[in-house]
Amino acid sequence: MRKIMVANPKGGCGKSTLSVHIASWFARHDEIVYLGDLDRQQSSRHWLEARPENLATIKHWDISADEFKLPPKHCNVAILDTPAGLHGKRLKEVLNEVDKVVVPVSSSRFDMLATREFFEELAATKAVRKERVDIGVVGMRVDVRTHAYAQLLEFLKEFDLPVVTCIAQSQRYLQAADTGVTIFDNDLNSTAVDIQWRPLLNWLVSRH
Ligand SMILES: Nc1ncnc2c1ncn2[C@@H]1O[C@H](COP(=O)(O)OP(=O)(O)OP(=O)(O)O)[C@@H](O)[C@H]1O
Ligand SMILES: [Mg+2]
C-alpha cells in the first residue's frame, strides 16, 4: 500500500486541492484509493460527498484526529489530507506511518516564512533522518516563468529538498473543490497534466 501525506501547517496553501487530485489520478488508473482527512472539519469527506457517483471511485478513509488507523488491507493507495497547524507529536506519529510527504508551498514571502519552521521540524524527525520517508515540495499557484519561482527555489535551497513540480493558478481547481470533479476526471492527458502534474505523479510512484 502506498501511503501519501499532504501537509503544511500554513492554512490555504493547497493541501486539500493536491490531496483530491492525487486521489482521483490514482483512481482513474484503477487503483483502490482511500482518501482520509485528519482535519476535524473533514473537508475531504465533504468533497467526496459532492463527488458524482459515475466517476472513478475514491473511498473515504475513516480516520480521526486522535487515532491513526490504516485503511483496509485491500487499499492500494492511501492519501491523507491534513489540517493547518499540524506539528509536534501528532506530526511525528503520522510521519512514522507514511512513505511520502507532499508539501504545497506558495511563493508568497509570508507563506515561505511560515513553512520554514515546518521544514526544520521535518528535518529533525527520526523517520526523515533515517530516510524512511521522502519529502517533495510542490510550488502551488506558482508559474515557473516568474521571479516568484526563482525566489521559491532560492528559499528551498536551504533545506536541500526537491521542488517536484509547480501547479499554476487556475479556476479549474476552484471548480474541483465545489463539484467533486477534478481535472483528471475531465481529461487524463491534457497538456497541463503533462507539464505540471506528470513530474509529481512520477515522483509519487517512484521507489524510495
Ligand atoms: N492552483 C490553484 N489555482 C487556483 N486556486 C487554487 C489552487 N490551489 C488551491 N486553490 C484554491 O485555494 C483555496 C485553498 O486551497 P485548499 O483548500 O486546497 O488549501 P488547504 O491547504 O487545504 O487549506 P486548509 O489549510 O484550510 O485546509 C481553495 O479555494 C482552492 O480551490
Ligand atoms: Mg484543507
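Read the numbers this way: they start at 1 and go in the same order the structure lists the ligands and their atoms. In this text the structure is predicted, and so the values were computed from the model without any measurement.
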Using a plain distance cutoff, I'd like to know if [X] has any nitrogen or oxygen under 3.5 Å from a nitrogen or oxygen of ligand 1.
X: Gln169; answer: no
X: Ile167; answer: no
X: Gly14; answer: yes

Can you tell me the protein heavy atom closest to [atom] and the distance?
atom: atom 18 (O) of ligand 1; result: Thr17 OG1, 2.5 Å
atom: atom 20 (P) of ligand 1; result: Lys15 N, 3.5 Å
atom: atom 4 (C) of ligand 1; result: Ser170 O, 3.0 Å
atom: atom 31 (O) of ligand 1; result: Leu174 CD2, 3.4 Å
atom: atom 17 (O) of ligand 1; result: Ser16 CB, 4.1 Å
atom: atom 24 (P) of ligand 1; result: Gly12 N, 3.5 Å
atom: atom 11 (C) of ligand 1; result: Arg141 NH2, 3.6 Å

Mark up the atoms of ligand 1 that fall under 4.0 Å of a heavy atom belonging to [X], in ascending order.
X: Met140; result: 8 (N)
X: Gly11; result: 25 (O)
X: Ala168; result: 1 (N), 2 (C), 3 (N)

The residue among Gln196, His21, Gln175 that forms side chain to side chain contact (heavy atoms under 4.5 Å, CB included) with Ile183 is His21
Salt bridge check: are Glu31 and Arg2 linked by an N-O gap of less than 4.0 Å?
no
Check this for me: does any side-chain nitrogen of one of Lys10 and Asp111 sit under 4.0 Å from a carboxylate oxygen of the other?
yes
Under the side chain to side chain contact (heavy atoms under 4.5 Å, CB included) criterion, do Arg141 and Ile167 qualify, and how do the steps go?
CA-CA 5 Å; Arg141 299 189 229 196; Ile167 309 289; over 6 Å; no
Would you confirm whether the ring centroid of His29 sits within less than 6.0 angstrom of the ring centroid of Trp25?
yes
Lys3 side chain to Leu70 backbone, donor-acceptor under 3.5 Å
no
Of all the atoms in Ser16, is at least one N, O or S atom closer to the Mg ion (ligand 2) than 2.8 Å?
yes
Using the six-membered ring wherever Trp is involved, compare the ring planes of [X] and [Y] and label them parallel, tilted or perpendicular (cut-offs 30° and 60°).
X: Phe68; Y: Trp61; result: perpendicular
X: Tyr173; Y: Trp197; result: tilted
X: Phe119; Y: Phe155; result: tilted

Tell me, do Val138 and Val105 make a side-chain contact under 4.5 Å, heavy atoms counted?
no
So, does Cys13 sit close enough to ligand 1 that a heavy atom of it is under 4.0 Å from the ligand?
yes
Strictly under 4.0 Å, does any heavy atom of Ser19 approach an atom of ligand 1?
no
